[in-house]
Visitor: 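A single structure is presented below for examination.
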Protein chains: 2
Amino acid sequence: MTSKKDRRPTIYDIAQALNIAPSSVSKALNDSSSVSDKVKVLVRNKAQELNYRHNSQAASLRKGTSRTIGVIVPKINSAFFSNAISGMEEVCFNHSHQLIICQTEESYAKEKQAVDTLITNNVDCIIISQSIETKGDSHLREVIKRHTPLIQFDRVNQSVSCHQVVNDNKTAAYHAVKELLNQGYKSIAFLGGSLNMHVYNERREGYLQAVKENGMMIPYDYVVADMHNEQNGYEVATTLLNSSLPPDAFLTSSDYIAFGVMKAVFAKGLSIPDDVGVIGFANEPFSSMIVPSLTTVDQNSRAMGIETANIYFTNLMDKQQSSISITKTVPCTIIYRDSTRKRID
Amino acid sequence: MTSKKDRRPTIYDIAQALNIAPSSVSKALNDSSSVSDKVKVLVRNKAQELNYRHNSQAASLRKGTSRTIGVIVPKINSAFFSNAISGMEEVCFNHSHQLIICQTEESYAKEKQAVDTLITNNVDCIIISQSIETKGDSHLREVIKRHTPLIQFDRVNQSVSCHQVVNDNKTAAYHAVKELLNQGYKSIAFLGGSLNMHVYNERREGYLQAVKENGMMIPYDYVVADMHNEQNGYEVATTLLNSSLPPDAFLTSSDYIAFGVMKAVFAKGLSIPDDVGVIGFANEPFSSMIVPSLTTVDQNSRAMGIETANIYFTNLMDKQQSSISITKTVPCTIIYRDSTRKRID
DNA sequence: ATGAAAGCGCTAACAT
DNA sequence: ATGTTAGCGCTTTCAT
């Protein structure tokens, strides 16, 4: 007896109750022009009464679109990615789309599996920021082959041609070095990330360009790669500060690395910014709270998420696939703080 | 001519290529016992060859289950929630389930809409942490009425009886006060959160219990509610420190509030921990990086996410609905740091 | 062990 | 403007 009442109500239930055709119910609910206002009102009221909810799974199967976008990121619990996702979510919400989020924890295997999961789930678009471990690109090519729109952001693989959203990493790093030079620092070291990651290479190149333009002489050990965390920063900075040609400033590719550098500087009995200047990357919440506050390159991560999602909604959705690839660049903003305010005397 | 090759391959394509029935293909792919090993091998090879991917949308419609869990949180870009989600995601991944994440940004309207979205998407379970604005509970009752498993975590609504995962907030606050007393502080103020939120009430009660047990006399203005951010903490602490009976310690319900308090203390020319002790809540990354480092109550947010997801997989999935509600309590851990290390002389 | 056929809930041709 | 019908891709009885 409850068997019928317990089922989730469908358009058939509404149709039956109203003695009309299911297709009319569907049209009414979708506000089609080929159904009378009278029926629309009737259907909406009955839907309300029966507590009917649209089953988007069924509709997706029929329509071949899921109104869902898949996002693959290394970690969701990092300031950069959670802000970016937050921005994407906002845009998706405004377009009545959903986000399915997968995290790879920097594992190539998990990244491949995530792509599979998203394909299996019929997402309308895949947004991805690669893991550090990732070497190959067959999983990305697979997505393209299936004509599922693919957008890379931040940690992009240049060898796969598709839509991309990145920061102006090179320019930002370049200007960060200029800022250090303007403040009077003479010998600047660069502690960067993984070399097989385009974004980190760009930062390195920006640094190198500034070095070159200003005729700086830098020892070979001033340019360090594969830095990831505070510990790395602390160790490398300690080594450099104890070398025969210690740097008087550091540009790092994350605020955590910068924090490690700061600790090393203090441990050596030096002062920031008077003896040593430091600039980080990412504008993590803590960067404004520590003493001295850390000058850092804000990546405008939320804006990046918004831009990324917007590519789908304005250029890809409902469009014929085109061969052109959109590349958006989100400018970084240098946040000037105390770690570089050298007293010039 | 490409019309056929361009379509996403289905089990029919495999069946046709192998000259067997689609149902056999389905069984083979699902490793059913009623299909020969020979066919299984044949099917798998052909699936690989055709680049076939399971369409979980279609399977879900047929099976009535989506292998998807919906999560509703106020903000994903906060340490607590992104860690919790990260934990849930890990558990879901291990069970081949997906997460659909919605954020409410503390809006009741968005929260109701998120519930609707998730129902519409046929999620197998809804996990929710309420927004501050949320007053009603009809949207949660609706979920229960539909027999969709509902799990509340952290910011739970006690009036809705369902599965819950919370911290031992009362005990944690109680012990935090005890710690302050042990360190020699005498008059402790409490800057708490929204009063219509159970978790914040619990923290308040833990504080009040400790106050009572220790026979402390506290002015009425020592217990403040509706604190949310650094700014709130700064302002209230400034007022209290300038009052005729200034407190010598603060327990706050977030690290951000605590940071505001610290700023107020310094602005007043007082020292931490010598003049004033401070304890926060959440163990935000910055809490260990500031000077002095902040003693704080770690909520073990990642563990909370894991516990929450586990409720679904061990108690709810594949089970007949039962009327009992599971409540799990994740213990907090006090992280002792410099903001409470008073030199006792 | 294999296959035929029905149907999950919805939408979109195509009649009428 | 309304209804009939087929079908999205899969699973699952039920026959054979």
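The chains referred to below are lettered A, B, ... by the order of the sequence lines, with proteins before strands, and numbering in each begins at 1.
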Visitor: At 10 degrees resolution, what angle do the end axes of the helix from C:dA1-D:dT16 to C:dT16-D:dA1 form when each is taken over five base pairs?
Guide: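 The end-segment axes of the helix from C:dA1-D:dT16 to C:dT16-D:dA1 are tilted 40° relative to each other.
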Visitor: If you measure only the distance, is there a donor-acceptor pair under 3.5 Å linking the side chains of B:Thr134 and B:Glu111?
Guide: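 Result is yes, a qualifying pair exists.
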Visitor: Looking only at side-chain N and O atoms, does B:Glu142 offer a donor or acceptor that is under 3.5 Å from a partner on A:Asn51?
Guide: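 Yes, side-chain donor-acceptor contact under 3.5 Å.
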Visitor: Which heavy-atom pair separates A:Glu133 from A:Ser107 by the least distance, and what is that distance?
Guide: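 Looks like OE1-CA, 3.4 Å.
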Visitor: Take the protein atom CG of A:Leu18 and the nucleotide atom C1' of D:dG3, then report the distance between them rounded to whole Å.
Guide: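 Atom CG in A:Leu18 sits about 14 Å away from atom C1' in D:dG3.
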Visitor: Is there a donor and acceptor pair, one atom on the side chain of B:Tyr12 and one on the base of D:dC8, closer than 3.5 Å?
Guide: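 No, the side chain and the base share no sub-3.5 Å donor-acceptor pair.
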Visitor: Using the salt bridge (charged side-chain N to carboxylate O under 4.0 Å, His left out) rule, collect all pairs that involve residues 80-109 of chain B, keeping only residues at least two apart or in two chains.
Guide: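 Matches after skipping sequence neighbours: B:Lys75-B:Glu105, B:Glu90-B:Arg302, B:Glu105-B:Lys110, B:Glu106-B:Arg155.
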Visitor: Could you tell me whether B:Tyr312 and B:His163 have their ring centroids closer than 6.0 angstrom?
Guide: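 No.
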Visitor: Using whole Å, what does the distance between atom C1' of nucleotide D:dC8 and atom CG of B:Asp13 come to?
Guide: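 Distance check: B:Asp13 CG to D:dC8 C1' gives 13 Å.
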Visitor: If you take atom types as modelled and just measure distance, does the side chain of A:Ser24 reach the base of D:dA1 with a donor-acceptor pair under 3.5 Å?
Guide: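 When only heavy-atom distances are counted, A:Ser24 does not reach the base of D:dA1 through any donor-acceptor pair under 3.5 Å.
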Visitor: From CG of B:Asn122 over to C1' of C:dC10, roughly how many Å is that when rounded to an integer?
Guide: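 Between C1' of C:dC10 and CG of B:Asn122: 12 Å.
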Visitor: Rounded to the nearest angstrom, tell me the gap between atom CZ in A:Arg67 and atom P in C:dC10.
Guide: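 From A:Arg67 CZ to C:dC10 P: 16 Å.
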Visitor: Given atom CZ of A:Arg7 and atom P of C:dG7, what is their separation to the nearest angstrom?
Guide: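 It works out to 13 Å between those atoms.
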Visitor: Output yes when B:Arg53 and A:Asp116 qualify as a salt bridge under the 4.0 Å nitrogen-oxygen rule, no when they do not.
Guide: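 Answer for the salt bridge query: yes.
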Visitor: Check every atom of C:dT11, C:dA12, D:dC10 against the side chain of A:Ser23 and return the nucleotide holding the closest atom.
Guide: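 From the listed options, C:dA12 comes nearest.
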Visitor: May I have the step-by-step check of ring pair (Phe, Tyr, Trp, His ring centres under 6.0 Å) for A:His97 and A:Phe313, ending in yes or no?
Guide: CA-CA 10 Å; A:His97 279 236; A:Phe313 291 109; 4.9 Å; yes
Visitor: What is the separation between atom CD on B:Gln57 and atom C1' on D:dG7, rounded to the nearest whole Å?
Guide: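 My rounded result for the distance is 15 Å.
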Visitor: Which of residues 25-43 of chain B have a heavy atom under 4.0 Å from DNA chain C?
Guide: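 Hits under 4.0 Å, by residue number: B:Lys27, B:Ser33, B:Ser34, B:Val35, B:Ser36, B:Val39.
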Visitor: Looking at DNA chain C, which of residues 142-149 of chain B put a heavy atom within less than 4.0 Å of it?
Guide: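 None, since no heavy atom is under 4.0 Å.
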Visitor: Can you list the residues that meet the salt bridge (Lys or Arg N to Asp or Glu O under 4.0 Å) rule with B:Arg141, with sequence neighbours excluded?
Guide: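 So B:Arg141 forms a salt bridge (Lys or Arg N to Asp or Glu O under 4.0 Å) with B:Asp137.
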Visitor: In whole angstrom, what separates B:Arg8's CZ from D:dG7's P?
Guide: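 About 20 Å, once rounded to whole Å.
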Visitor: Please determine, by modelled atom types, if B:Ser66 and B:Asn122 share a side-chain donor-acceptor pair under 3.5 angstrom.
Guide: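 There is no such pair (donor and acceptor under 3.5 Å, judged by atom type) between the side chains of B:Ser66 and B:Asn122.
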Visitor: Could you list by number each residue of residues 58-65 of chain A showing a heavy-atom separation from DNA chain D of less than 4.0 Å, or answer none if no residue does?
Guide: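 Result for residues 58-65 of chain A: A:Leu61, A:Arg62, sorted by number.
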Visitor: For the residue pair A:Ser325 and A:Gln164, confirm or rule out a side-chain donor-acceptor distance under 3.5 Å.
Guide: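 On atom types as modelled, these side chains do not qualify, holding no pair under 3.5 Å.
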Visitor: Does a salt bridge link A:Asp31 with A:Arg44, judged by any charged N lying under 4.0 Å from a carboxylate O?
Guide: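 A salt bridge links A:Asp31 with A:Arg44.
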Visitor: Which whole-number value in Å describes the distance from A:Arg53 CZ to C:dC10 P?
Guide: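 Interatomic distance, CZ of A:Arg53 to P of C:dC10: 13 Å.
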Visitor: In terms of side-chain geometry, is the basic nitrogen of B:Lys46 or B:Asp13 positioned less than 4.0 Å from the acidic oxygen of its partner?
Guide: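 A salt bridge is absent here (no side-chain N lies under 4.0 Å from a carboxylate O).
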Visitor: Between A:Ser159 and A:Asn157, does any side-chain donor sit less than 3.5 Å from a side-chain acceptor?
Guide: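 Looking only at side-chain atoms, A:Asn157 and A:Ser159 do form a donor-acceptor pair, the distance falling under 3.5 Å.
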Visitor: With side-chain contact (heavy atoms from CB on, under 4.5 Å) as the test, pick out the partner of A:Pro149 among A:Leu316, A:Ile311, A:Ile127, A:Val143.
Guide: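 The residue from A:Leu316, A:Ile311, A:Ile127, A:Val143 that satisfies side-chain contact (heavy atoms from CB on, under 4.5 Å) with A:Pro149 turns out to be A:Leu316.
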